[in-house]
Structure formats: C-alpha cells, structure tokens
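Here's the structure, in structure tokens; my notes come after.
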Amino acid sequence: GYTREEYLSLSLADLHDDYDAKRMLAQLEELRQSGSGKRIEARLRRKDGSFIDVDLDVRLVNTHGKEFTVGIWRDITAERAERIARENDAERRRVLIEHARDGIAVFDQSHRIIEANQTFADMLGYSREEVLQLHTWDFECRMSEAEIRSTFKDVSRINEIFVTRHRRKDGTEYDAEVALAGAHFDGQSVVITATRASSSVLASRW
C-alpha cells in the first residue's frame, strides 16, 4: 500500500507485525551457517494498518564486499485463511466423533481405517494407534476380504444399516449393528460408520 519511495524508507520493524530483533539476527545467522535460503511465514502490516500474510523466501547475497538480505514475498492471506478454516473444521469433526456414544470409524477407498474414536477402539479391544492400522476384514467375521472388496467397490456410494459380527483383538466375537454412509472427506472418497454393540453381548461381558 506504499509508493516505492515510501517503501524504501521503511525498516523490518515498520512492516513485521511481530518484529523481534533478536530473533531476526538469529535467523540471519542460520542463513550464514547454512549457506542456503530459508522459507518462513510472516504477517506484514500495510500502510492502512491492515495485515497481509506472506510466504517469505529469504537469502543472503554478498556483493562488492557487502552483505544483503534478499526477500521474495508471496501473498498467502487467502490460502492461510482457507487452511485455518480447514483446521477448525477438522477439530470440530474430531470433537464430534470423540464424544459420540457409538463407535465411529472412517474408512478410505482401500477399506483402511483413517479415523476412529476411542469407543470404536474399545469395542475391538485395540488401542487407537492399533485401530488405525486395520482394514475392515481384520475384524469383520461374516465377510472375507474378497467379498468386502466386491460388495463395496465405491465406498462413497454406500448408505445402509446391517447387523454383523465383529472380532476383537483377543479373538472373541460380538454382534454389532453398523450404519454406513458414503462421503467425501478431505478430498477423498470415504465411508463413515457408526457401530453399536448388541446390548445382550455387552451384558454377557459383565
């Protein structure tokens, strides 16, 4: 928002929203030691007081016995706003999934679990980390891998409820009512499942 003449009279402290001289000097020293460029994200202050987010490519150049800092700035204000919105959406999804009473799991097109809540992991007797390594056929008792792949070729088109049996990590089995709904999640085709264990089975475990 400045004229070229106005801009040439500014310092980094005039432009950077969170200017810190010590940190800037430390970053310059990193550049000297590495001998290569450095990419950072920064928030700059416009002449009118508003802000712009930039991707900054910084390099040191020595010429005629002097050291110069060369910076190439790219406006990423819209990109950053979109990224923050996606992160907020992801956090809301995580909270909703985690606090659901049913076992919630999201499967990708290869039938691998890419997200699951603790309830679903507890149903199967796995840790959350272990559950994220499973495919449908690792715990589904009534259908083989070939049958699952054949029946559910396009997970995004699934929309049904059925009763089946699931196998826990310890080898025991239980009846499960499963609701499946195809969706597009983070740019990929997925199926979101809500699993409820039969009350009679749960009672027998106590």
Side-chain angles (χ1 to χ4, degrees), residues 39-41 43 53-55 74-206:
R39 298 187 73 92
I40 61 174
E41 286 190 10
R43 170 160 285 196
D53 295 306
V54 299
D55 174 75
R74 183 173 63 86
D75 184 354
I76 59 168
T77 305
E79 293 176 27
R80 187 170 186 274
E82 183 179 346
R83 185 175 71 233
I84 291 173
R86 286 198 305 269
E87 291 171 352
N88 289 340
D89 285 344
E91 179 62 15
R92 282 193 290 270
R93 286 197 302 266
R94 188 195 66 76
V95 171
L96 288 171
I97 289 174
E98 195 54 45
H99 288 81
R101 296 180 64 182
D102 294 336
I104 306 296
V106 180
F107 296 79
D108 65 13
Q109 187 66 45
S110 69
H111 302 281
R112 182 179 65 84
I113 299 175
I114 59 174
E115 190 166 338
N117 64 2
Q118 189 61 51
T119 301
F120 186 79
D122 291 342
M123 284 180 175
L124 292 174
Y126 290 94
S127 68
R128 284 281 292 280
E129 292 73 19
E130 291 173 325
V131 159
L132 295 179
Q133 305 300 316
L134 299 179
H135 289 77
T136 311
W137 46 83
D138 292 320
F139 56 85
E140 168 59 39
C141 298
R142 292 181 176 171
M143 297 179 71
S144 67
E145 176 181 348
E147 290 172 324
I148 291 171
R149 288 186 181 278
S150 175
T151 304
F152 305 111
K153 291 181 179 180
D154 183 359
V155 296
S156 68
R157 300 176 67 85
I158 300 172
N159 188 9
E160 58 183 283
I161 299 175
F162 63 90
V163 176
T164 185
R165 287 184 68 78
H166 285 173
R167 184 184 304 105
R168 300 187 185 92
K169 182 180 179 180
D170 64 9
T172 59
E173 299 178 3
Y174 64 94
D175 293 320
E177 181 183 79
V178 185
L180 305 93
H184 290 284
F185 186 77
D186 289 341
Q188 61 179 319
S189 296
V190 301
V191 59
I192 302 172
T193 68
T195 302
R196 185 171 297 175
S198 166
S199 58
S200 61
V201 173
L202 290 176
S204 68
R205 293 182 64 191
W206 295 96

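Hydrogens, waters and symmetry mates are skipped; everything else that's a heavy atom, side chains included, is used.
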Of the non-hydrogen atoms in Thr195 and Ala176, which two are nearest, and what is the gap between them?
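Nearest pair, atom of Thr195 first, then Ala176: CG2-CB, 3.8 Å.
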Give me the atom names and distance for the closest heavy-atom approach of Ala183 to Ile192.
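Closest approach of Ala183 to Ile192, heavy atoms only: CB-CD1, 4.2 Å.
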Please answer whether the main-chain N or O of [Y] pairs with a side-chain N or O of [X] as donor and acceptor at a distance below 3.5 Å.
X      : Y      : answer
Arg165 : Glu140 : no
Thr193 : Ala179 : no
Glu147 : Ser144 : yes
Asp102 : Ile104 : no

Atom [atom1] of [X] and atom [atom2] of [Y]: how far apart are they, to the nearest 0.5 Å?
X      : Y      : atom1 : atom2 : result
Thr136 : Arg112 : OG1   : CZ    : 11.0 Å
Ser110 : His135 : OG    : NE2   : 4.5 Å
Glu145 : Ser150 : CD    : OG    : 12.0 Å
Ser156 : Asp108 : OG    : CG    : 12.0 Å
Arg167 : Trp137 : CZ    : CH2   : 13.5 Å
Ile113 : Leu124 : CD1   : CG    : 7.0 Å

Side-chain contact test, heavy atoms from C-beta onward, threshold under 4.5 Å: evaluate it for [X] versus [Y] and give yes or no.
X      : Y      : result
Arg142 : Phe162 : no
Arg101 : Thr119 : no
Arg168 : Glu173 : no
Leu134 : Leu132 : no

Walk me through whether Arg128 and Glu115 qualify under salt bridge (Lys or Arg N to Asp or Glu O under 4.0 Å).
CA-CA 9 Å; Arg128 284 281 292 280; Glu115 190 166 338; over 6 Å; no
Can you sort out the partners of Ala181 under side chain to side chain contact (heavy atoms under 4.5 Å, CB included), two or more places apart, ordered by chain and number?
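Once residues adjacent in sequence are excluded, Ala181 has no partner under the side chain to side chain contact (heavy atoms under 4.5 Å, CB included) criterion.
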Suppose we screen for side chain to side chain contact (heavy atoms under 4.5 Å, CB included). Which residues come up paired with Arg80, at least two apart in sequence or across chains?
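Listed in chain order: Glu41, Arg43, Asp53, Arg83, Ile84.
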On the 0 to 90° scale, with breaks at 30° and 60°, tag the Phe139-Phe107 ring pair as parallel, tilted or perpendicular.
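Correct class here is tilted.
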Could you go through the side-chain contact (heavy atoms from CB on, under 4.5 Å) check for Val190 and Ile114 one step at a time?
CA-CA 9 Å; Val190 301; Ile114 59 174; 3.9 Å; yes
So, using salt bridge (charged side-chain N to carboxylate O under 4.0 Å, His left out) as the criterion, who are the partners of Glu177 when residues are at least two apart?
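None.
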Test side-chain contact (heavy atoms from CB on, under 4.5 Å) applied to Gln109 and Lys153, step by step
CA-CA 8 Å; Gln109 187 66 45; Lys153 291 181 179 180; 5.6 Å; no
